[in-house]
Trainee: 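The structure's right below; bear with me while I get my questions together.
Numbers restart at 1 for each chain; the letters A, B, ... are given by sequence-line order, proteins then strands.
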There are 2 protein chains.
Amino acid sequence: MEEKEISQAVIGRLPRYLRYLGELKDEGIERVSSQELSDIMQTTASQIRQDLNTFGGFGQQGYGYNVGYLYDEIRKILGLDREHRLIIVGAGHLGQALVNYTNFERRGFIFRGIFDCDPGICEKTIRGIEVRPMEQMADFIRENDIDIAVLAIPKNSAVEVAKKLADCGIKGIWNFAHVDLPVPEHIQVENVHLSDSLMKLSYNISSSQEESRTSGKVDGNGQNR
Amino acid sequence: MEEKEISQAVIGRLPRYLRYLGELKDEGIERVSSQELSDIMQTTASQIRQDLNTFGGFGQQGYGYNVGYLYDEIRKILGLDREHRLIIVGAGHLGQALVNYTNFERRGFIFRGIFDCDPGICEKTIRGIEVRPMEQMADFIRENDIDIAVLAIPKNSAVEVAKKLADCGIKGIWNFAHVDLPVPEHIQVENVHLSDSLMKLSYNISSSQEESRTSGKVDGNGQNR
DNA sequence: AAATTCTTGTCAATCAATTGACACAACCCG
DNA sequence: CGGGTTGTGTCAATTGATTGACAAGAATTT
């Protein structure tokens, strides 16, 4: 009933919690306190408790959190307790690399189809999945109950394809094209703008070098406070 | 002289400004006001002015911003006015896809070398760049004045390789491995955690569906139920 | 079984980011 | 060349996110 909008800042941290909890689980550790977890993850105990409490009380006073239970709860929150069916649009290098990355499947993200506008690539097969022509995409999405489309195509055709995807009722788009997609609000877009990320790195490198120059800082494993 | 730490939130928006300014430039538009730009970019004029002013006054009252000038200034801020030399570590599907993505080169990020621990892949060539064994990496970095290492290897070996990279004086790591890298502070790390990104998408899909269910909202063009 | 320790959930305080408001500089039109 | 208009740079207000503090519940020890 209560509509308390949950911030993307919190959501963005959940996968990281999940990762560390998974590691603890693998090590056979059954319980963990927010303090211990924050030490491992280099964050504050307060933030962990605050974040988790956004979704309800998963811990127990005097005990901490049960690793397995918390892990499962976060999985559920993230919607990883069910299967997601994906298609890849764009069978170029990146599209192929994503199909070949099997870890997504382990998390329940199943690649069902691959589409490309180049007829030359079609009828090829990537990891057992046939590459189909774009014309078949709309029907395929509807017939196979596809959740998510991965957009791995050049920017100039991305907007057009996104519109088409929106029309056949896709729920989310994982966008690797270097444009912002103007889609209706009920469709979720998650952007992976690789060049933006690389530019951020470039900035941070440049600015850290400037800093050490102006302050006469030494680099290396050497230490100047 | 003045050390006013610039927030990553601002840095993160600069590449997007650059992208839109580039488009305006291509359209032959010479001047733009913060208001116009914010309309196009779906943000607030205030934020644009605030962001730009972090780095100094690029605009002129009564006129706005000169597109070409602002574009160049942001490029400089991001450190894109000089060449960056990169190596790829890991010649798997992802590593290959990144090498084949020529847009990075257009921005001044030049791939100089590729390294892999699998001797079978070595001596192969990707886009004219020879794949070398890991043993040669340290020397190669020093001899070719490499800035940035792209880490496209499985998580279990990533930390170890990152340490090695740190030792040979790399300045930044573009990390595609699904781990946090414990490197010295003077080395910049930019993480691209693809599965985290996909999980966020999964969350947003799940939560938007819940919302429309509980509030009886209709979807998109359409009508659900 | 009581006392002590531990650690959550939560509220308050601080810190950071975004938005709004406006003085004033530069432009443009007549 | 002067008056009206535009639009920046900046400061203040607001909103949001993170951190700190602590009461109270549960576990563990004696």
Trainee: Which of residues 63-77 of chain B sit near DNA chain D, with a heavy atom under 4.0 Å from it?
Mentor: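 When residues 63-77 of chain B is checked for heavy atoms under 4.0 Å from DNA chain D, the hits, listed by number, are B/Tyr63, B/Gly64, B/Tyr65.
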Trainee: Side chains of B/Asn66 and B/Gln60 only: does a donor on one sit below 3.5 Å from an acceptor on the other?
Mentor: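 On atom types as modelled, these side chains do not qualify, holding no pair under 3.5 Å.
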Trainee: Which atom pairs, one a donor and one an acceptor, fall under 3.5 Å between side chains of residues 17-24 of chain B and the rest of the protein, sequence neighbours left out?
Mentor:
{"unit_1": "B/Tyr17", "atom_1": "OH", "unit_2": "B/Asp51", "atom_2": "OD2", "d": "2.5"}
{"unit_1": "B/Arg19", "atom_1": "NE", "unit_2": "A/His178", "atom_2": "NE2", "d": "3.4"}
{"unit_1": "B/Tyr20", "atom_1": "OH", "unit_2": "A/Asp180", "atom_2": "OD2", "d": "2.5"}

Trainee: Looking at residues 44-52 of chain B, who's got a heavy atom less than 4.0 Å off DNA chain C?
Mentor: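 When residues 44-52 of chain B is checked for heavy atoms under 4.0 Å from DNA chain C, the hits, listed by number, are B/Thr44, B/Ser46, B/Gln47, B/Arg49, B/Gln50.
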Trainee: Can you pull out the residues from residues 14-24 of chain A that lie within a 4.0 Å heavy-atom distance of DNA chain D?
Mentor: none
Trainee: Can you list the residues that meet the salt bridge (Lys or Arg N to Asp or Glu O under 4.0 Å) rule with B/Arg112, with sequence neighbours excluded?
Mentor: B/Glu83
Trainee: List for me each residue that meets side chain to side chain contact (heavy atoms under 4.5 Å, CB included) alongside A/Asp39, sequence neighbours excluded, and say none if there are none.
Mentor: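 Only A/Gln35 meet the side chain to side chain contact (heavy atoms under 4.5 Å, CB included) criterion with A/Asp39.
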Trainee: Among all residues two or more places apart in sequence or in another chain, which pass the side-chain hydrogen bond (donor to acceptor under 3.5 Å, both in side chains) test with B/Gln50?
Mentor: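 B/Gln50 satisfies side-chain hydrogen bond (donor to acceptor under 3.5 Å, both in side chains) with no residue once adjacent residues are dropped.
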Trainee: On DNA chain C, reading 5' to 3', which nucleotide is the first and which the last to sit with an atom under 4.0 Å from a heavy atom of chain B, could you check?
Mentor: C/dA17 to C/dC28
Trainee: Between A/Thr43 and A/Ile48, is any pair of side-chain heavy atoms under 4.5 Å apart?
Mentor: yes
Trainee: Starting from P on D/dG9, measure out to CG on B/Asn53 and report it in whole angstrom.
Mentor: 5 Å
Trainee: Verify whether the ring centers belonging to B/Phe109 and B/Trp174 lie closer than 6.0 Å.
Mentor: no
Trainee: Quick one: are A/Met41 and A/Ser38 in side-chain contact, heavy atoms under 4.5 Å?
Mentor: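 Heavy-atom side-chain distance check fails, nothing below 4.5 Å.
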Trainee: Tell me, which pairs form a salt bridge (Lys or Arg N to Asp or Glu O under 4.0 Å) where one or both residues lie in residues 25-34 of chain B, sequence neighbours left out?
Mentor: none
Trainee: Between atom CD in B/Gln8 and atom P in D/dA17, what is the gap in whole Å?
Mentor: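 Taking CD of B/Gln8 and P of D/dA17, I get 18 Å after rounding.
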Trainee: Please list all pairs passing the salt bridge (Lys or Arg N to Asp or Glu O under 4.0 Å) test where one or both residues lie in residues 94-111 of chain B, with sequence neighbours left out.
Mentor: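 Counting only pairs at least two positions apart or across chains, the salt bridge (Lys or Arg N to Asp or Glu O under 4.0 Å) contacts touching residues 94-111 of chain B are B/Glu105-B/Arg127.
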Trainee: What is the distance from CD of B/Gln61 to C1' of D/dT10, rounded to the nearest Å?
Mentor: 10 Å
Trainee: Is B/Gln188 close to A/Ser208 at the side-chain level, that is, under 4.5 Å between some pair of heavy atoms?
Mentor: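 A/Ser208 reaches B/Gln188 side chain to side chain.
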Trainee: When you measure from every atom of DNA chain D, which of residues 31-42 of chain B have a heavy atom less than 4.0 Å away?
Mentor: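 Within residues 31-42 of chain B, the residues near DNA chain D are B/Arg31, B/Ser33, B/Ser34.
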Trainee: Do the side chains of B/Ile148 and B/Ile173 get nearer than 4.5 Å, heavy atoms only?
Mentor: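 Heavy-atom side-chain distance check fails, nothing below 4.5 Å.
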Trainee: Decide yes or no for A/Met137 and A/Leu165: does some side-chain heavy atom of the first lie under 4.5 Å from some side-chain heavy atom of the second?
Mentor: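 Yes, at least one pair of side-chain atoms sits under 4.5 Å.
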Trainee: Scan residues 145-164 of chain B for pairs that pass side-chain hydrogen bond (donor to acceptor under 3.5 Å, both in side chains), counting only residues two or more places apart or in two chains.
Mentor: B/His84-B/Asp147, B/Arg85-B/Asp145
Trainee: Please tell me if the side chains of B/Ile110 and B/Leu86 come closer than 4.5 Å, counting only heavy atoms from C-beta onward.
Mentor: no
